[in-house]
Q: 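Pasting in a structure now, in structure tokens, and then I'll have a few things to ask.
In the text below, chain A, chain B and the rest are named by the order of the sequence lines, each starting its count at 1. Side chains are part of it too, since the values below use all heavy atoms of this structure and drop only hydrogens, waters and symmetry mates.
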2 protein chains.
Amino acid sequence: MTPSADRLTIGELAARSGLASSALRYYEELGLITSQRTAGGQRRYHRAMLRRLAFVRAAQRVGLSLDEAGQALARLPDDRAPTAAQWAPVARAWQRRIDAQIAELQLLRRKLGGCVGCGCLSLKTCALYNPDDTAAAHGPGARWLLGDTPPEPPARA
Amino acid sequence: MTPSADRLTIGELAARSGLASSALRYYEELGLITSQRTAGGQRRYHRAMLRRLAFVRAAQRVGLSLDEAGQALARLPDDRAPTAAQWAPVARAWQRRIDAQIAELQLLRRKLGGCVGCGCLSLKTCALYNPDDTAAAHGPGARWLLGDTPPEPPARA
DNA sequence: TGTCTACTTCAAGCGCGCTTGAAGTTCGTC
DNA sequence: GACGAACTTCAAGCGCGCTTGAAGTAGACA
């Protein structure tokens, strides 16, 4: 081991991040994290990778794919904490995304509320049935994360 | 066509439900919907399948797998609208699930809020970093949908 | 020096939710 | 009765996010 703190082995990084080594190799292959190699070819990770991994995990919880997370990560420094200026737009974009998700769930919840008493699911009247709402908003990807057109919180939902 | 209204072809059901025919065959294979067959072997669907499909789509939006949706469907009648007594526990279970999801998203949102100004993602202090919270609650499956132990809304969240 | 664990690559596999394609059949209409 | 669109089955494939396994190598410690 002799962890030297900034040269974590893959096993150490796995233990600290809670991810499997195989997942870390996969992430590295996707470019989400980077490593140096020892003379013998083993990976050594800078502690800053823990931050990137935390970012990725948070991104997944927001519903981003690894690819999308990678695009967002590409705008942050690899080796040290982002500055407020770097981080703020990303965080704000995530908050908007989260807000949209919450709004959608609340809508669904209200619709269910309307159904609870009636056992309806009627073809004509049940709101669950005719979700002509903003559901499909999740579509294409995360271009918005890169600073373009953030998704408006569901208009009329 | 001659739709006779209660004997929808797969194409008609696809058109009305917004799902692809291939998806409908797949759902049938999974037991989510049922059909009769014509003398020649073609599927004919009762309109009530539209209700089941709406249910499945709603279930997916709540984050259930098709398998879980099928388990919930199994408790509702196949050929007509559920009674209030049949529907209410399912709807309430979904609402609890939705509430838990909303709570989790709100927690994440607050954490991001804490990070926005600081650009932190600090190893020691950032809340995003140390999500020792209720995230993993999604685990096993939807036994709760069947009436057992509904998941408490995230305790301390 | 030897041992043993942790690492390496590469290819394949898995679970989910479907889609695609090939080859053949049925249905509704003219 | 013939035509064309819509259907049938079956097997394979895909995209995502990994995991598993085989075969071999490096690194830490006694």
Q: Should B/T9 be listed as having a side-chain N or O under 4.0 Å from OP1 or OP2 of D/dC7?
A: yes
Q: Strictly distance-based, threshold 3.5 Å: is any side-chain N or O of A/Q101 a donor or acceptor partner for the main-chain N or O of A/V62?
A: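 Between the backbone of A/V62 and the side chain of A/Q101 there is a qualifying donor-acceptor contact (under 3.5 Å).
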Q: Could you tell me how far apart A/L8 (CG) and C/dA6 (P) are, to the nearest whole angstrom?
A: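 Answer to the nearest Å: 16 Å.
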Q: Tell me every residue that passes side chain to side chain contact (heavy atoms under 4.5 Å, CB included) with A/Q106, counting only those two or more places apart in sequence or in another chain.
A: A/I102, A/R110, B/I102, B/Q106
Q: Are any of A/R37's side-chain N or O atoms less than 4.0 Å away from OP1 or OP2 of C/dT9?
A: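 Yes.
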Q: Just how far, in rounded Å, is P of C/dC7 from CD of A/E12?
A: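 Going from A/E12 (CD) to C/dC7 (P), I get 8 Å.
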Q: Would you mind building the protein contact string for nucleotides 10-26 of chain D? One character per nucleotide, 5' to 3', B for base within reach (heavy atoms under 4.0 Å), S for sugar-phosphate only, - for untouched.
A: -------BBBB-----S
Q: Whole Å only: how far is the CD atom of B/E28 from the C1' atom of D/dT8?
A: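 B/E28 atom CD is separated from D/dT8 atom C1' by 12 Å.
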Q: Can you name the residues that form a salt bridge (Lys or Arg N to Asp or Glu O under 4.0 Å) with B/R43, not counting sequence neighbours?
A: B/E28
Q: Look at the side-chain N and O atoms of B/R43 and state whether any lies under 4.0 Å from the OP1 or OP2 oxygen of D/dC7.
A: no
Q: Sub-3.5 Å donor-acceptor pair from the side chain of B/R47 to the main-chain atoms of B/L8, do we have one?
A: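 Checked: no pair found.
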Q: Under the rule for side chain to side chain contact (heavy atoms under 4.5 Å, CB included), what residues qualify as partners of A/S65, not counting sequence neighbours?
A: A/D67, A/E68
Q: Mind checking side chain to side chain contact (heavy atoms under 4.5 Å, CB included) for B/T34 and listing every partner two or more places apart, or none if nothing turns up?
A: B/M49
